[in-house]
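To start, the structure itself, in structure tokens.
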Amino acid sequence: MKRTIISLILNIIIVLLVSFGVYMMFSGIVFTDNDLVLEARSIEMFKFFTVDSNILMGIVSLVFVIYEVLLLKGKISKIPKSIYIFKLMGTCGVTLTFLVVFLYLAWIAEGGVLVMIQNSNLFFHLIVPVLSIISFYFFERSDTLKFKDTFYGLIPMIIYALFYVINILIHMSNGKVSYKYDWYFFVQNGVWTIIIVLPIIIGLAYLSSFILWKGNSKYE
């Protein structure tokens, strides 16, 4: 019961932070005067996996809040497995965002880590992923998910990867793609490098999903 209450609080916070972050970026509200890095206003912001994964996490957390309230009120006896799978997918998405930002982008971006956590990206790159991981790993444990379900965690990344690769290919010129269309700088050394980058990203996504599942499955 205590874990459910803590999870409920964390999920409510996640929903609020994602909503505020989306509003900030969509409206162009900023806290700093630094150059925008991995930020965009209005509809253009949806090109980023960061934004998409956080919105998915916000939706997932809202659904989880509803089921947790029903659980605490005794309206249901347990949260359905499909909802846990949905939560795994959302959490894996923002975990991947966190890893790519701090293992890769923060090292190549001018300004380093600080520019990665300015404005709405403070929520999207850091706070929401960390809260999501903590909530799923420590406070939403169950015996519902099985090993085979870890592959569901790859779905958000695979869908986005298809979009990103297609976007790169249709904007390729003489084997090169401008920063405008390769905003994560994955193929600036040549489009062929996608055959290296893609397996690495898939590996990170699956490793995230597996570790999250292992933590969540420690049912007590």
- Item | Evaluation steps, ring-ring contact (aromatic ring centres under 6.0 Å, His included), between Y104 and F186 | CA-CA 10 Å; Y104 167 64; F186 284 149; 5.5 Å; yes

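- Taking S135 as the reference, E140 meet the side-chain hydrogen bond (donor to acceptor under 3.5 Å, both in side chains) condition, with sequence neighbours excluded.
- If you chain together hydrophobic residues whose side chains sit under 4.5 Å apart, F163 and I166 never meet in one group.
- At a threshold of 4.5 Å between side-chain heavy atoms, the hydrophobic network of Ile, Leu, Val, Met, Phe, Trp and Tyr places I170 and F46 in two separate groups.
- Here T50 contributes atom OG1 and F124 contributes atom CZ; the two are 8.5 Å apart, rounded to the nearest 0.5 Å.
- In this structure, the side chains of L145 and S217 stay at 4.5 Å or more apart for every pair of heavy atoms.
- I9 is not connected to L62 by any chain of hydrophobic side-chain contacts under 4.5 Å among Ile, Leu, Val, Met, Phe, Trp and Tyr, and they are in different clusters.
- Using a 30° and 60° split on the angle between ring planes, F151 and F147 fall in the perpendicular class, above 60°.
- Note that CG of L198 is 5.5 Å distant from CD1 of I194, once rounded to the nearest 0.5 Å.
- As a member of the Ile/Leu/Val/Met/Phe/Trp/Tyr network built from side-chain separations under 4.5 Å, W107 groups with nothing else and remains a singleton.
- Among residue pairs with one or both ends in residues 161-172, those qualifying as side chain to side chain donor-acceptor pair (under 3.5 Å) are Y164-D182, N167-H171; sequence neighbours excluded.
- Every residue meeting the side-chain hydrogen bond (donor to acceptor under 3.5 Å, both in side chains) condition with Y206, not counting sequence neighbours, appears here in chain and number order: T150.
- Cluster annotation: L103 and I108 are assigned to the same hydrophobic cluster (Ile/Leu/Val/Met/Phe/Trp/Tyr, side-chain heavy-atom contacts under 4.5 Å, transitive).
- Heavy atoms from other residues, nucleotides or ligands lying under 6.0 Å from CZ of F48 number more than 12.
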Distance-only donor-acceptor hits, side chain of residues 14-30, under 3.5 Å, sequence neighbours excluded:
{"from": "S19", "atom 1": "OG", "to": "V15", "atom 2": "O", "distance (Å)": "2.8"}
{"from": "S27", "atom 1": "OG", "to": "Y23", "atom 2": "O", "distance (Å)": "2.9"}

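- Taking 4.5 Å as the limit, some side-chain heavy atom of P156 sits within range of a side-chain heavy atom of L56.
- Between the side chain of Y181 and the main chain of L169, no donor-acceptor pair closer than 3.5 Å is present.
- Residue pairs meeting the side chain to side chain donor-acceptor pair (under 3.5 Å) criterion with at least one partner in residues 75-84, sequence neighbours excluded, are K81-D149.
- In this structure, the side chains of V60 and M89 stay at 4.5 Å or more apart for every pair of heavy atoms.
- Applying the side chain to side chain contact (heavy atoms under 4.5 Å, CB included) test between S132 and each of N11, T97, T91 identifies T91 as the sole match.
- The hydrophobic clustering, which links ILVMFWY residues whose side-chain heavy atoms are closer than 4.5 Å, places Y179 and V165 together.
- Heavy atoms from other residues, nucleotides or ligands lying under 6.0 Å from OH of Y152 number 12 at most.
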